[in-house]
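Numbers here simply count residues along the sequence, with the first being 1. Order of listing sets the numbers, starting from 1, for every ligand and every atom in it. What you see is a predicted model, and the numbers here were worked out from it, not measured in a lab.
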Amino acid sequence: MRSLEFKGRDIVSIEDFSREEINYILNISKSMEQLASQGSNMLKGKILATLFFEPSTRTRLSFEAAMLKLGGAAIGFAEAEVTSVRKGENLADTIRAVENYADVIALRHPLDGAAKLAAEFSKVPILNAGSGSEEHPTQALMDLYTIQKEKGRIDGLKIALVGDLRYGRTVHSLAYALSLYNIELYLISPESLKMRKEVIHSVEKKISVFEGTNLEDVIPQVDVLYVTRIQKERFPDAAEYAKVKGTYKVDLKLLKNAKTDMIILHPLPRVDEISAEVDSAPQARYFQQVRNGLVVRMALLALVLGAVK
Ligand code: CP
């Protein structure tokens, strides 16, 4: 595989990346497995700033852990209320301040378009760690890495995305990324939470897409079941959330009709859409998926900072 240039690049949308580039990132991620155990000084002297304007457990901590594993340092905030945003500072000014202290910035923000805006102002690479209900590209990369690692391939698979396909940002990035592979995509959601039209229009030009509401109908066919939480915090109306709350429940009864080698993924956090009894089922891979986030984010930091080619 030829070497590709990532130094200085922003990771704002997964749509900015070709299949060749994504495969390259997945290969570099694999090479990070050993460094995740042993540690490295590859990014010694480099600083990551994590600017999180929304709650996070996995994304922020895995970015920070990834930087520390590679010998760099991490600064940042997990709560905008303790920053000068509280005094009225806007995002562009925040970015133009932080770029003086850090070599790379991971940004999570409640508004669609925030990562794009930050990238327009920033002199250092912006890694979109989740922008509104729009995209979560680094999550999509770790999802692809997990599918590749667990199934040995991405091409040829039948993959179902289930749950909140309207407000869930991970499924938007993942659908765009999967459309670069030769897969069949099943989109299962309540009617009111169907996949955004612009995502469907882009994806169905490249791969076959089936939309439905009934999980039981597709479960016997799929190789990968990607379950998502209904994003309560993004509903403009509590009554609308109440109508769809608890629509899907993956439990052992449902899995009786699944392929034995199907895998279950979830970006996490979960609420009630996967029963705890499934955690010890042979298909459960969502905690391995969390671990894979570390190596993928190590790869991304090393690539955008030019430490690996
Ligand atoms: N998957 C994900 O983005 O998790 P966090 O919200 O905990 O970062």
Side-chain angles (χ1 to χ4, degrees), residues 11-14 25 29 36 48-69 74-81 104-112 114-115 118 126-147 149-150 159 161-178 193 199 224-235 248 250 263-274 278-279 284-301:
I11 300 183
V12 168
S13 168
I14 202 75
I25 293 168
S29 302
L48 163 71
T50 53
L51 312 186
F52 276 57
F53 293 79
E54 258 195 355
S56 166
T57 297
R58 282 147 289 270
T59 311
R60 185 174 64 84
L61 295 180
S62 65
F63 263 122
E64 292 179 2
M67 196 60 174
L68 298 177
K69 288 277 184 187
I75 58 174
F77 56 81
E79 153 100 81
E81 280 299 292
V104 57
I105 295 172
L107 173 73
R108 171 167 290 190
H109 200 282
L111 296 179
D112 290 15
I126 294 290
L127 308 177
N128 179 0
S131 50
S133 54
E134 177 187 48
E135 277 222 46
H136 195 345
T138 70
Q139 176 74 43
L141 291 166
M142 61 188 262
D143 298 338
L144 293 181
Y145 183 75
T146 305
I147 294 169
K149 188 173 169 181
E150 296 292 336
I159 299 176
L161 310 185
V162 179
D164 185 347
L165 307 185
R166 180 174 181 185
Y167 297 118
R169 55 195 169 202
T170 70
V171 286
H172 300 149
S173 293
L174 185 55
Y176 284 131
L178 287 172
L193 298 179
V199 182
V224 179
L225 182 67
Y226 189 94
V227 187
T228 63
R229 174 177 69 91
I230 309 276
Q231 308 265 312
K232 183 180 180 184
E233 69 278 19
R234 301 203 193 281
F235 278 68
Y248 301 109
V250 176
I263 59 168
I264 304 168
L265 305 182
H266 191 308
L268 303 178
R270 74 173 145 180
V271 182
D272 56 5
E273 57 282 353
I274 300 181
V278 174
D279 295 357
R285 293 293 191 285
Y286 29 93
F287 292 115
Q288 287 91 331
Q289 194 182 353
V290 174
R291 170 72 184 179
N292 294 335
L294 177 66
V295 294
V296 169
R297 291 182 174 122
M298 287 171 72
L300 293 173
L301 289 168

Review point. Taking the minimum heavy-atom distance to atom 8 (O) of ligand 1, which of S62, P269, S56 ranks first?
Key: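 Answer by nearest heavy atom: S56.
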Exercise for review: Kindly identify the option in T57, D143, L61 whose heavy atom sits closest to atom 7 (O) of ligand 1.
Suggested key: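 The option holding the nearest heavy atom is T57.
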Check your understanding: Should the pair F235 and Y167 be assigned to parallel (<30°), tilted (30 to 60°) or perpendicular (>60°) ring geometry?
Key ->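 Because their plane-to-plane angle lies in the 30° to 60° range, the rings of F235 and Y167 count as tilted.
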Exercise for review: For the residue pair N292 and D143, establish whether any side-chain heavy-atom pair is separated by less than 4.5 Å.
Suggested key: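 When only atoms from C-beta onward are counted, D143 and N292 do not touch, as no gap falls below 4.5 Å.
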Check your understanding: At a non-hydrogen distance cut-off of under 4.0 Å, which region of L268 contacts ligand 1 (side chain, backbone, both, or neither)?
Key ->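 The backbone, only.
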Review point. When you check the gap from the basic side-chain N to the acidic O, do D164 and R169 get nearer than 4.0 Å?
Key: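 No salt bridge links D164 with R169.
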Review point. So, are R234 and E54 salt-bridged, with charged N and O less than 4.0 Å apart?
Key: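 Judged by the 4.0 Å cut-off on N to carboxylate O distance, R234 and E54 do form a salt bridge.
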Review point. Quick one: nearest non-hydrogen protein atom to atom 6 (O) of ligand 1, plus distance?
Key: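 The answer is R108 NH1, 2.9 Å.
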**Study point:** For atom 1 (N) of ligand 1, the protein heavy atom that lies nearest, with its residue and separation
**Key:**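 Of every protein heavy atom, P267 O, 2.8 Å lies nearest to atom 1 (N) of ligand 1.
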Practice item. Can you sort out which atoms of ligand 1 are near Q139, meaning under 4.0 Å from one of its heavy atoms? Key: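 With Q139 as reference, the close atoms of ligand 1 come out as 1 (N), 2 (C).
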Point to revise | Any N or O of T59 closer than 3.5 Å to N or O of ligand 1 | key: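 Min N/O separation from ligand 1 is below 3.5 Å for T59.
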Review point. Think R297 forms a cation-pi with F63, using NZ or CZ under 6.0 Å from the six-ring centre and within 45 degrees of its axis?
Key: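 Here R297 passes the 6.0 Å and 45° test against F63.
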Point to revise | E135 vs N128, side chain to side chain donor-acceptor pair (under 3.5 Å): CA-CA, chis, key distance, verdict | key: CA-CA 8 Å; E135 277 222 46; N128 179 0; 5.8 Å; no
**Study point:** Close approach of E54 to ligand 1, heavy atoms, under 4.0 angstrom
**Key:**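 Under 4.0 Å: no for E54.
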